[in-house]
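What you see below is based on every heavy atom in this structure, not just the backbone, and it leaves out hydrogens, waters and symmetry mates. Protein chains get the first letters and strands the later ones, always in sequence-line order, with residue 1 at the start of each.
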Amino acid sequence: MNYDFLDIERKWQLEWEKQNAFRRTEDSSKPKYYLLEMFPYPSGKLHMGHVRNYAIGDVIARYKTMNGYNVLHPMGWDAFGLPAENAAIQNKTHPSVWTTKNIEHMRDQLKKMGFSYDWDREITTCHTSYYKWTQWMFLQFFKQGLAYKKKSKVNWCPSCETVLANEQVVDGACERCDSVVVKKELAQWFFKITDYADRLLEDIDKLDGWPDKVKIMQKNWIGRSEGAVIDFKIDGFEEKITVFTTRPDTIFGVSYIVLSPEHPLVDLLTEGTEYYEDAMRFRKKVEALDEITRTSDETEKEGLFIGRYAVNPLNNRKVPILIGNYVLMDYGTGAVMGVPAHDQRDFEFAKKYDMPIIPVIKPEDDSIDVYNLKEAYVDVGIMINSGQFDGLNSKDGIEAIISYLEEKKCGRRNVNYKLRDWLISRQRYWGAPIPIIYCDKCGIVPVPESDLPVVLPTDIEFKDKGQNLLANNESFINTTCPKCGGNARREVDTMDTFVCSSFYFFRYTDPNNDEEAFAFDKAKYWMPVDQYIGGVEHAILHLLYSRFFTKVLYDIGISPVDEPFVNLLTQGMVLKDGIKMSKSKGNVVSPEDIMEEYGADTVRLFILFAAPPERDLEWSDQGVEGCYRFLNRVWRLVLDLKDVYDKIEGKEERKLSSADKELRYDIHSTIKRITADIEERFNFNTAISAIMELVNAIYAYRDEVDKMDYSNWVLVEALNTLMLMLAPFAPHMAEELWHITGHKGSIHNESWPVYDKEALIRDEVEMVVQVNGKLRDRLKIPADASRQEVEEAVFALDKISKLIEGKTVVKIIVVPKRLVNIVVK
RNA sequence: GCCGGAGUGGCGGAAUAGGCAGACGCACAGGACUUAAAAUCCUGCGGUUUUUAAUAAAACCGUACCGGUUCGAUUCCGGUCUCCGGCACCA
């Protein structure tokens, strides 16, 4: 009774594979289209989020192919990472075994979904053939001075036993396992992403095809702020304190200076004084705080005078120097000037410690008495108490003061970023080894490119957590120095997996190249990615790193483009019962089960129909059932009418009846709607509902028109159009029906239908008739009726004439073919 | 606190450029087919009120809330509330 989806889907999947239907090479005769979905971490099984991501991608890939594009649609595996290592420890297997098994299973699932990937381009980041190039990338960065090792306080996740990048710390906790992150002093490798801060920020404006949301998030993350650094002399010392401020115009209002407790000057300034011990105690107390408490603004602001005074370079006033728990060593200069009158935080701090509040800016209209402030006055205004700068607008004052500081050589214009350098070292085994050798004689020596890859040793015992497994592998560690040939040790840290995923979209353009990461010509043909699709959770991390990598590769002449992704679609989450599907919540729906019960086409259709792509999608078993019913309805319709294909030949075309014309109108208006829905805004939900309406219309035609009166060619046109438009959504069924109705060759090599303008012209239209904006009646009228004819027809309507009886017609608004509104008094 | 986004029937959602609110689907109800069930098909389905024996018909209200612009507002403007996401002692 129902169509045999299992059989049909298997049949066509094998057939497509046999024909290499989705293999693509460079082809200058066609426009290229690079469609990319974020590659998955092979965690074991596909989840609904993956299915959604890849179903959206597959529709676009197939649609673009039907529209004549040479579509690159690759898939691969982000295969390094902690879960594999944890699983290995748990099961006493090697991470590669676990990972390979998962990949095989997930690849199989993807194939069963009927996604049109070019599997010849499959990449796996944990294979030497891939991570050789991850290491090669590191060496290029090193050569450019963009990879460096630095000892510093870094984020340490005690549960994952490794350091984390700033971007991987969410609310002071590890983004992966939610453990509270602690600070640890370690020597670590960094990528100098801050060198690219300005370009990463400026070029956001080039990304017209990205959602504003993501662009704003990246802007905030980079966090550029303009201002000045100002040097304060220290009374009795040669050293100076340099502060960063965005408000140099308020410098005459400085009433104290606050250093971060970790600031190196604190030791010098307090050593041998009565303040020393208290200062050290204060520092320890602050350092002991975890990141959450330390950076929460609910933490009480505390300060401690350390017995020294700084000199304001503009008015030579002496102000006390404090250390404060709210001043961060890793932002700006680790020192701030306190201007209580014009900064709310300083205001509260000054109240607490009874510091003078000196107003130096007043509102132009004197609406606020700045000598009796209830809160800081932070707006622009007129400068007062500022010596030669009095009377200046504070906006101009910023420039004037910076010029003055630069002239006196005690300050300069400065820009600060929140963005930090990217910490890429990880103290874990399952990652790409950092290709560096330490030699007692030569120091830090990069592994020569010809020696790549630095292969991960396999003779590792996976027993306990709590140690870097590479660090104990003697045969890996001990090596010879490439420079002097003497004994040397290898770096034992591996790279953050985000390094692997920051260039994989280049590798897809030339995935099997042993000589280069990718050939320039191939990248030139395919790049940039025309459409990228993935979850919004990567808005900062992956997407920012990938942009950074692309710019570096562009600068060293390897990449033809300086931005990787032209258009970005961030898909919403898949929810069940209003919350995200997760194992811990026990509300996971397995794609495998649904596929077995209803088939891949139904799963695809449902997931595209239930919500527009950017929005969260509520899973509904009944909704799936509905989509299954719909596909069966299509199946029955085509099978029931397939005779018309035999009758069409040799028959004379007869004049179209009104039902024929109506059906043709439906066919072509549907083509128009669906094309716009896909092309302009990826609204697959409305595209699918339009297909459903067309199916309903064909059924209605079948039921209304006597079989003897069928216009066979119109029905053929209807069915062909239906199948073609269904092809990107339900590719297996469309293909099967295409062959059942006698077509040769794959439906997926056919062209997307184009609507016939003639068919959209209607003889008669229905207009809405309003009186004073309220719907009162409808009017059927020839489409080419003049305004006057419309007005006459409207007044002839019983209802309308009754309604306007005895009233004055003020105005008649006619929107051609749509609406008439009579305004009466 | 700051910056985004959203709020429409019982539910998912639609209304693309200010012009029929609720397309399409789900759920539900009634009916047809059937010995019966499933499947399928048909009909109805925002609320209130009035008229009618009934079938039906009509009026009013209705897109979170309050106000504005307009002949006409789910759509534009101002304000309020709620929810979701991001950032948050960033000097």
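In terms of the ring pair (Phe, Tyr, Trp, His ring centres under 6.0 Å) criterion, residue partners of A/Trp619 (sequence neighbours excluded) are, by chain and number, A/Phe606. In terms of the ring pair (Phe, Tyr, Trp, His ring centres under 6.0 Å) criterion, A/Phe232 has no residue partners (sequence neighbours excluded). Remark: A/Phe498 pairs with A/Tyr545 by the ring pair (Phe, Tyr, Trp, His ring centres under 6.0 Å) rule, at least two apart or across chains. Applying the ring pair (Phe, Tyr, Trp, His ring centres under 6.0 Å) test to A/Phe305 and every residue at least two apart in sequence or in another chain returns A/Tyr275, A/Tyr309.
Distance check: A/Met725 CE to A/Ile667 CD1 gives 8.5 Å after rounding to the nearest 0.5 Å.
Between the CD atom of A/Gln218 and the P atom of B/rG4 there is a distance of 17 Å, given to the nearest Å. Atom CD in A/Glu693 sits roughly 6 Å away from atom C1' in B/rA23 (whole-Å rounding). Between the C1' atom of B/rG10 and the CD atom of A/Gln622 lies a distance of 12 Å, rounded to the nearest Å. Atom CD1 of A/Ile321 and atom P of B/rA91 are 22 Å apart (whole Å). Summarising the geometry, the separation between CG on A/Leu605 and C1' on B/rC26 is reported as 14 Å, rounded to the nearest angstrom. Rounding to whole angstrom units, NZ of residue A/Lys817 and P of B/rG19 are separated by 17 Å. Atom CZ of A/Arg778 and atom P of B/rA58 are 11 Å apart (whole Å). Straight-line distance from the CG atom of A/Asn414 to the P atom of B/rA91: 12 Å, rounded to whole Å.
Within a 6.0 Å sphere centred on NZ of A/Lys213, other residues, nucleotides and ligands contribute 12 heavy atoms or fewer. When the shell of 6.0 Å around NZ of A/Lys301 is examined, it contains more than 12 heavy atoms from other residues, nucleotides or ligands.
Within the 4.0 angstrom heavy-atom criterion, no nucleotide atom of any strand lies near A/Lys672. Looking at heavy-atom distances under 4.0 Å, A/Arg224 makes no contact with the nucleic acid at all. Residue contacts shown for A/Gly626 are limited to sugar-phosphate atoms, with no base heavy atom under 4.0 Å away.
Remark: the separation of the C1' atoms in B/rC83 and B/rU8 is 15 Å, to the nearest Å. Spacing of C1' atoms, B/rC45 relative to B/rC28, comes out at 8 Å, to the nearest Å. Here, B/rC66 and B/rG1 have their C1' atoms 25 Å apart, quoted to the whole Å. The P atoms of B/rG85 and B/rU80 are separated by 23 Å, rounded to the nearest whole Å. Nucleotides B/rU50 and B/rC41 are separated by 39 Å at their P atoms, to the nearest Å. Taking the C1' atoms as reference points, B/rA6 lies 14 Å from B/rG13, given to the whole Å. Between the C1' atoms of B/rA23 and B/rA15, the separation comes to 8 Å (whole Å). A distance of about 14 Å separates the P atoms of B/rU75 and B/rA21, rounded to the whole Å.
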Pull out every protein N or O sitting under 3.5 Å from an N or O of nucleotides 42-48 of chain B, one pair per line with the distance.
none

For nucleotides 67-71 of chain B, which of its nitrogen or oxygen atoms have a protein nitrogen or oxygen under 3.5 Å away, and what is each distance?
unit_1, atom_1, unit_2, atom_2, d
B/rC71, O2, A/Asn821, ND2, 2.3

Grab the N/O contacts between the protein and nucleotides 14-18 of chain B below 3.5 Å, and write none if there aren't any.
unit_1, atom_1, unit_2, atom_2, d
B/rA14, OP1, A/Asn685, ND2, 3.1
B/rA14, OP2, A/Arg615, NH2, 2.7
B/rA15, OP1, A/Arg681, NH1, 3.4
B/rA15, OP1, A/Arg681, NH2, 2.6

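Considering A/Lys351, A/Gln344, A/Lys352 as possible partners of A/Glu348, the one that fulfils the side-chain hydrogen bond (donor to acceptor under 3.5 Å, both in side chains) test is A/Gln344.
Using cut-offs of 30° and 60° for the angle between ring planes, the A/Tyr628 and A/Tyr3 rings count as tilted.
Against RNA chain B, the stretch residues 241-262 of chain A makes heavy-atom approaches under 4.0 Å through A/Phe244, A/Thr245, A/Thr246.
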In dot-bracket form, how is RNA chain B paired, counting a Watson-Crick or G-U wobble pair only if both its distances are under 3.5 Å and using | for bases paired to another strand? (((((((..(((......[....))).(((((.......))))).((((((....))))))..(((((..]....))))))))))))....
In B/S/- notation (B base, S sugar-phosphate only, - none; protein heavy atoms under 4.0 Å), nucleotides 84-89 of chain B written 5' to 3' is --SSBB
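Applying the salt bridge (Lys or Arg N to Asp or Glu O under 4.0 Å) test to every pair with at least one member in residues 683-701 of chain A, sequence neighbours left out, gives these pairs: A/Arg673-A/Glu693. Listed by first and then second residue, the salt bridge (Lys or Arg N to Asp or Glu O under 4.0 Å) pairs involving residues 604-613 of chain A are A/Asp58-A/Arg604 (not counting sequence neighbours).
Checking B/rA21, B/rC60, B/rA91 against the side-chain heavy atoms of A/Leu775 singles out B/rA21 as nearest.
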